[in-house]
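Input: a single structure, listed below in structure tokens.
In what follows, every chain begins at residue 1, and chains take the letters A, B, ... in the order their sequences are listed.
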Amino acid sequence: MRYWLMKSEPDDCSIDDLAAMPQQTVAWHGVRNYQARNFMRDSMRPGDLAFFYHSSCPRPGIAGIAQVASLAYPDASQFDPASRFFDPKSVPEQPRWLNVDVRFERKLELIPLLELRRHAALAKMRLLQPASRLSITPVAPEEWQFILATLARDA
DNA sequence: GCCAACGTTGGC
DNA sequence: GCCAACGTTGGC
């Protein structure tokens with residue numbers, strides 16, 4: 001079982017939005033980066049846990065925990081011309097983009113990005129590397145444990 | 001709104 | 001296969 005960090009713009013889907021979904025589950029659609037797609041396709045498995053990170057917002061940081069709830073399967077939005085994630089170059093016979101389902105696990109008091117940066121134990125986190133823009137990144141077990149034990153408080 | 005970093009595209 | 005142009009990300 002692995003650990004992840006998944007970015008979401010709260011205007012789009014916040015941790016509260018996830019908690020309010022039917023089954024508290026959402027298809028993690030819209031990933032249009034090959035590295036992030038490959039993480040979902042090759043390494044994510046149901047039961048994996050992920051920090052739910054709020055990005056591109058006034059208070060960026062970890063807002064909760066989610067659980068991977070499915071294997072990767074074709075992302076429906078790539079075939080929907082009305083979607084902003086529509087990809088005219090992707091054909092149903094050979095879908096280019098995949099997504100997993102993600103289920104709400106728990107909400108945390110926001111752990112701000114600046115707080116994460118303060119801790120030497122987290123210095124190697126992918127999220128914290130210069131210009132790291134990947135929307136899905138692996139989290140080392142030690143990093144996961146450190147954040148849970150030291151910084152995480154239920155909200 | 002700015003801007004640096006990075007990924008993707010497409011002409012050659 | 002190179003590489004310049006362009007688009008996107010995301011913190012500030």
Side-chain angles (χ1 to χ4, degrees), chain A residues 2-21 26-44 48-68 72-140 142-144 146-148 150-153 155:
Chain A
R2 300 178 196 242
Y3 300 103
W4 306 94
L5 182 141
M6 302 175 81
K7 294 181 185 176
S8 182
E9 302 187 14
D11 283 350
D12 222 21
C13 178
S14 70
I15 188 74
D16 290 323
D17 293 334
L18 177 62
M21 289 280 186
V26 72
W28 203 259
H29 67 276
V31 171
R32 296 293 180 268
N33 170 284
Y34 289 106
Q35 247 186 299
R37 179 205 66 182
N38 293 348
F39 280 139
M40 289 196 284
R41 184 190 63 193
D42 303 333
S43 306
M44 272 195 183
D48 286 1
L49 294 173
F51 288 127
F52 191 107
Y53 179 90
H54 285 175
S55 69
S56 292
C57 59
R59 296 170 64 228
I62 293 172
I65 296 177
Q67 187 175 53
V68 176
Y73 61 93
D75 176 342
S77 66
Q78 69 195 303
F79 305 123
D80 176 5
S83 168
R84 61 193 248 244
F85 300 115
F86 178 61
D87 183 349
K89 292 180 186 167
S90 186
V91 292
E93 295 74 33
Q94 205 168 10
R96 179 181 296 197
W97 305 114
L98 307 173
N99 60 213
V100 296
D101 290 340
V102 159
R103 183 184 305 125
F104 176 79
E105 182 86 11
R106 58 195 261 228
K107 187 177 171 180
L108 299 174
E109 285 185 27
L110 189 88
I111 308 171
L113 175 59
L114 285 174
E115 174 68 28
L116 296 171
R117 289 197 190 283
R118 291 184 55 239
H119 298 277
L122 302 177
K124 290 187 178 162
M125 266 189 96
R126 188 80 174 262
L127 171 78
L128 304 181
Q129 302 315 304
S132 162
R133 297 173 307 159
L134 259 192
S135 63
I136 298 178
T137 52
V139 174
E142 311 81 59
E143 295 163 349
W144 181 274
F146 178 87
I147 291 171
L148 272 196
T150 316
L151 304 174
R153 302 187 53 185

Ring centres under 6.0 Å, that's the criterion: do A:Trp97 and A:Tyr34 meet it? yes

Heavy-atom closest pair (A:Lys107 atom, A:Ala63 atom, distance to 0.1 Å) is CG-O, 3.8 Å

How would you list, by chain and number, every residue that makes a side-chain hydrogen bond (donor to acceptor under 3.5 Å, both in side chains) with A:Glu115, sequence neighbours excluded? A:Arg118, A:His119

Under 4.0 Å protein heavy-atom contacts per nucleotide of nucleotides 6-12 of chain B, with B for base, S for backbone only and - for none: BSS-S--

As a quick check of understanding, evaluate side-chain hydrogen bond (donor to acceptor under 3.5 Å, both in side chains) for A:Ser77 and A:Arg32, giving each step before the final call. CA-CA 11 Å; A:Ser77 66; A:Arg32 296 293 180 268; 3.0 Å; yes

Go through A:Ile62 and A:Leu151 one step at a time and tell me if the side chain to side chain contact (heavy atoms under 4.5 Å, CB included) criterion holds. CA-CA 10 Å; A:Ile62 293 172; A:Leu151 304 174; over 6 Å; no

